[in-house]
Protein chains: 2
Amino acid sequence: MAGAVIKEFPRKSGKAAPKNVREHILQVAEELIVQYGSNGFSYQHIADRVGIRKASIHHHFPTKNDLILVLGQMKADAFFAQMNSIMVGKGSAAEKLELYFNLFEENFIRGCGASISFFGMLGAEFGSQDDRVATRVRLFFSENISRLTALIEEGRKEGSLHFPGEPELTAVAIFSMLEGAMIIVRASGDWERYGEIIAQVRRLIVSP
Amino acid sequence: MAGAVIKEFPRKSGKAAPKNVREHILQVAEELIVQYGSNGFSYQHIADRVGIRKASIHHHFPTKNDLILVLGQMKADAFFAQMNSIMVGKGSAAEKLELYFNLFEENFIRGCGASISFFGMLGAEFGSQDDRVATRVRLFFSENISRLTALIEEGRKEGSLHFPGEPELTAVAIFSMLEGAMIIVRASGDWERYGEIIAQVRRLIVSP
DNA sequence: GTCTATAATTGGATAGAC
DNA sequence: GTCTATCCAATTATAGAC
């Protein structure tokens, strides 16, 4: 990319300092992708922030796509590990849905306070992604939706969740809202808003 | 951009052939932005599709930001003109909301059948936008939300719409869903899905 | 208005010394 | 593992002929 200015945003980072260079590269790459997109950052940007030369990055990740793919796999693994621990835990489906919402909110806030989620960004840029990355993004979305579908279906059976229509379409609608709201909220600059929107989604699904 | 391959998607274009070069450039630029993002296309890509040299594009739009800004203004004007004619028309708020949904669906389908909306894309890439473009995007979102808020508030008063919580948060939630669903649906490749998701949103807002 | 030519810069990636 | 040096292609943009 050429025109874009890489500006600093205030970070509310709760992230641990990277132990080694490879980890540091991955962390910085995630920040850059989440803020500027996969077409909006370069190895030079990473090098500047990590404090190495861009040639050194190629040693760890031969191509930019390799880097994005490794990062995508890591992010997906971490997310679904958290999601799994929610699903196998105790509590009603409504309570589990609440924890799932929290997962998104944390992801949003932690991601630089000025970001949309990692996969939300790659999803928007879907048309210009490498095939392997595109597959990874598609899988992230479809896995979220299928697990969310199972959850709210359970909630309807046990009576803790109430919604009209099919569980699967409802799940897609919820997931779309969580992803879409990140874009809307970021443009408004009012980060507090995200939590309030989630609260509204909760009202639409749980209370009726 | 470097890695991305500019692939052809099947177009369901209902768009008139451009009358002059300037218009043609704008039309092609919109297609490219909607598919690959504002960081994912270049003047060279436009030149190839329009059949002119890239230097010629600079005569019409000195910089890339100028082009994006002009396009953004045009798209916003056209969208709000349509939205206005819906709002001042006859019918219940529920019926007007329906027409608003249709506006999004048309926008999605017409935009190459493989796109997310123009402002949805710029919103995702918000962090790397020029200030003027960022302002334009922010305005598009906030105007949508304020008008949508007024509409559903009216619907609640007249009894044609039913939803829990505040009208404004509900409007943000709806708008977020409409934008977010474009990303999710595109990644899945199942375009028909968009209409079904909108139907589900309708059920969540209208039926209870 | 469009072209050729070209400048100036950045981007992704490699070779080989240390 | 990191560096310098370098390559080549792409990108944004301008100058000036037609």
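In what follows, every chain begins at residue 1, and chains take the letters A, B, ... in the order their sequences are listed.
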Requested in this report: Identify which nucleotide among dT11(D), dA15(D), dT4(D) has an atom closest to any side-chain atom of A55(A), counting heavy atoms from C-beta outward.
Outcome: dT4(D)

Query raised in the report: Should the pair K64(A) and F41(A) be classed as cation-pi, given the thresholds of under 6.0 Å to the six-membered ring centre and 45° from the axis?
Result: yes

Query raised in the report: Rounding to a whole Å, what distance do you find between R53(B):CZ and dA10(D):P?
Result: 15 Å

Requested in this report: Remember a base hit wins even if backbone is also touched, and classify S56(A) as base, sugar-phosphate or nothing at under 4.0 Å, heavy atoms.
Outcome: base

Query raised in the report: Can S38(A) and E125(A) be counted as having a side-chain donor-acceptor contact under 3.5 angstrom?
Result: yes

Query - Any H59(B) side-chain nitrogen or oxygen under 4.0 Å from OP1 or OP2 of dA13(D) - result: no

Report summary line: Separation of dT12(D) atom P from F61(B) atom CZ, nearest Å, is 15 Å

Query raised in the report: Think R203(A) forms a cation-pi with F163(B), using NZ or CZ under 6.0 Å from the six-ring centre and within 45 degrees of its axis?
Result: no

Query raised in the report: Which one, dT4(D), dG12(C), dG11(C), comes nearest to the side chain of H58(A)?
Result: dG12(C)

Query - Gap between atoms CD1 and P, on I52(B) and dC3(C) respectively (whole Å) - result: 6 Å

Report task. Nearest whole angstrom, please: distance from the C1' of dG1(D) to the NE2 of H60(A). Result -> 6 Å

Report summary line: When rounded to whole Å, the NZ to C1' distance for the pair K19(A) and dG1(D) reads 19 Å

**Report entry** Distance test, side-chain N/O of H45(B) to OP1/OP2 of dA10(D), below 4.0 Å
**Finding:** no

Requested in this report: Taking only the side-chain heavy atoms of S42(A) (C-beta and beyond), determine which of dG11(C), dA15(C), dT4(C) contains the nearest atom.
Outcome: dG11(C)

Report task. Verify the ring-centre separation between F104(A) and F108(A): is it less than 6.0 angstrom? Result -> no

Query - Length of the NZ-C1' vector between K54(A) and dT6(D), whole Å - result: 11 Å

Query raised in the report: Whole-Å distance between dT2(D) P and I46(A) CD1?
Result: 14 Å

Report task. Take the protein atom NZ of K64(B) and the nucleotide atom P of dT14(D), then report the distance between them rounded to whole Å. Result -> 15 Å

Query raised in the report: Where the side chain of D66(A) meets the backbone of T63(A), is there a donor-acceptor pair that is under 3.5 Å apart?
Result: yes

